[in-house]
Number of protein chains: 2
Amino acid sequence: MTETTPRQRARLETEAQITQIGNRMIDEGGVAGLSLRAIARELGVVSSAVYRYVKSRDELLTILIRDAFTQIADEVDAALEDERSVQALALSMLDWSRRFPSRWALIYGTPVPDYEAPRQETVVPGTRVMVALTQLIATAAETVGGGDPRNAGSHSASRPGAKAGSGSTDTTTVSALGPLRDGLKELGIDCDDAVILRTLSVWVAIIGAINGLRFGQFGPGFDDYEDDLVRALIADLGF
Amino acid sequence: MTETTPRQRARLETEAQITQIGNRMIDEGGVAGLSLRAIARELGVVSSAVYRYVKSRDELLTILIRDAFTQIADEVDAALEDERSVQALALSMLDWSRRFPSRWALIYGTPVPDYEAPRQETVVPGTRVMVALTQLIATAAETVGGGDPRNAGSHSASRPGAKAGSGSTDTTTVSALGPLRDGLKELGIDCDDAVILRTLSVWVAIIGAINGLRFGQFGPGFDDYEDDLVRALIADLGF
DNA sequence: TAACAAAAGTGAGCACCGCTCTTGTTTTCT
DNA sequence: AGAAAACAAGAGCGGTGCTCACTTTTGTTA
């Protein structure tokens, strides 16, 4: 059953070719280098023909974004099988970003103008890595903090510049983390607010660091120290 | 002396007009919305005439990037005059990003393809905020750590998932921070490696968090909690 | 004041882009 | 075999950055 006619086969093949060429174009020229006309040219077909397979450039972009999310998540998962640690997660992300800088920019850089990825299509692959990090930090909190994961992995003990009466840590935290907590719950994950906050801290630091490296915002000269830098960062964050 | 001829005056005025329109276009349509032809149209002039005032679209982009860096740095400086704290710095950055999301994307998002801002033109304004943060954290380390700023503001004491023999904290840290240390020295700032690392941690977290909020990477529902979220984050980082 | 040179503005044109629409061809299904 | 669906072609619309030869304006200088 479900016999694939040659027609369907050809169609799938062409679609695969298009996404493949699209991926290569992004790798070579960033998101700006993605041109349906150029793809048509490479396919040896007139430009309008491509629109039989893809509704618009944005639709192709959505596909490539989803693919990129899946790729990095697969790699991170593989890395975590060797060593379940925050450091391993961060380093595998860094490694992927180094090999596919344009794809990294595609998913963690500035969103494409006048276009937002349909959440229905991209949330699941797009959150896999963050979910993995959450679970990593949740288990880390358990094994350390014992019965009270509240302060496990947290180090708000010694904070130099904090004013005493600020009162922003415990009360308001709850509501601010609401959307994230809800999002995790939708994915079937239910964990403590302290874990969520801690995860968020580490997450934004990782993304920020890799973005800084990839986008050259720290200046030049880091080529040989990227891994060391991220390692030091993760360590400074307490992992 | 230095008399400004009407000719020069007109030229400067037109240049100012161009950057002003350019800024507005970016605000409205992101970096993709910046069109020299549209600027010419708005100026009531033929498209090629704009090239008398600006060499290329990229050059205009450089100007707008430098401006944006200066603007946010000015705002952060003003905020720090009221309250010298990491939180105030982060919140003023967040506020600026909220008012000028496209400009934020311009300077902290994906760099424009096939174009890198001439460092000579952008480093100084582009590093002002980070320098301010460095000094903030340096003084915080002094007032707390006393004679030894090494562990001040640092909390690598309790790190759950860290393996003992990792050895990545002290030895490799030095070389990995080299480029940053050099960059700071060029700007006349000389501080401890611990301070640099701590600054980097906080910096990437702030940038990562604001990027996440601005680019919608955390999902929807944060509109009313942005400040609280950043406050919680800064607190979690120990400030 | 008249002549001149520099600066500013013009308009056509090149090569690209995304996308649409009409026409013709080919394949598949009934 | 004929109808229907899928595919490809080609022209065309409006947009982009940028160049080049040319004219007009402007300020200075002889």
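The structure presented is a predicted model; accordingly, all values stated were derived computationally and were not measured. Residue numbers start from 1 in every chain, and the chains themselves are labelled A, B, ... in the order their sequence lines are given, proteins ahead of strands.
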Subject >> Residue pairs fulfilling side chain to side chain donor-acceptor pair (under 3.5 Å) with at least one residue in residues 94-105 of chain B, sequence neighbours excluded >> reply: D27(B)-R103(B), Q71(B)-R103(B), E75(B)-R99(B), D95(B)-R99(B), S97(B)-R214(B), R98(B)-E226(B), R98(B)-D227(B), W104(B)-N211(B)

Subject >> Pair D182(A) + K185(A): basic N to acidic O under 4.0 Å >> reply: no

**OP:** Provide, to the nearest angstrom, the distance between the CZ atom belonging to R11(B) and the P atom belonging to dG27(D).
**Re:** 14 Å

Original post:
Does atom CD of E186(B) have more than 12 heavy-atom neighbours from other groups under 6.0 Å away?
Top reply: no

Table of protein N/O atoms under 3.5 Å from nucleotides 16-19 of chain D N/O atoms:
unit_1, atom_1, unit_2, atom_2, d
dT16(D), OP1, S35(B), OG, 3.1
dT16(D), OP1, R41(B), NH2, 3.3
dT16(D), OP2, R41(B), NH2, 2.6
dG17(D), OP1, L36(B), N, 2.8
dG17(D), OP2, S35(B), OG, 3.4
dG17(D), OP2, L36(B), N, 3.4
dG17(D), OP2, R37(B), N, 3.0
dG17(D), N7, R37(B), NH1, 2.3
dG17(D), O6, R37(B), NH1, 2.9
dC18(D), OP2, Y51(B), OH, 3.3
dC18(D), OP2, R57(B), N, 2.8
dC18(D), N4, R37(B), NH1, 3.4

Original post:
Would you say the side chain of R52(A) and the base of dA8(D) hold a donor-acceptor pair, judged only by whether the two atoms sit under 3.5 Å apart?
Top reply: yes

**OP:** Give V45(A) one of three labels, base, sugar-phosphate or nothing, depending on what nucleic acid heavy atoms sit under 4.0 Å from its own.
**Re:** sugar-phosphate

Original post:
Which residues pass the ring pair (Phe, Tyr, Trp, His ring centres under 6.0 Å) test with Y53(A), sequence neighbours left out?
Top reply: none

**OP:** Give me the residues of residues 14-22 of chain A where at least one heavy atom lies under 4.0 Å from an atom of DNA chain C, by number, or none.
**Re:** none

**OP:** Look at Y53(A) and dA6(D) and indicate whether a side-chain polar atom (N or O) is within less than 4.0 Å of OP1 or OP2.
**Re:** no

Original post:
Could you give all pairs that pass the side chain to side chain donor-acceptor pair (under 3.5 Å) test and reach residues 30-46 of chain B, with sequence neighbours left out?
Top reply: R24(B)-E42(B)

**OP:** Tell me, with the steps shown, if S85(A) and E83(A) meet side-chain hydrogen bond (donor to acceptor under 3.5 Å, both in side chains).
**Re:** CA-CA 6 Å; S85(A) 72; E83(A) 178 188 332; 2.9 Å; yes

Original post:
What residues, two or more places apart in sequence or in another chain, satisfy side-chain contact (heavy atoms from CB on, under 4.5 Å) together with D74(A)?
Top reply: T70(A), R128(A)

Subject >> Whether R66(B) side chain and P125(B) backbone form a donor-acceptor pair below 3.5 Å >> reply: no

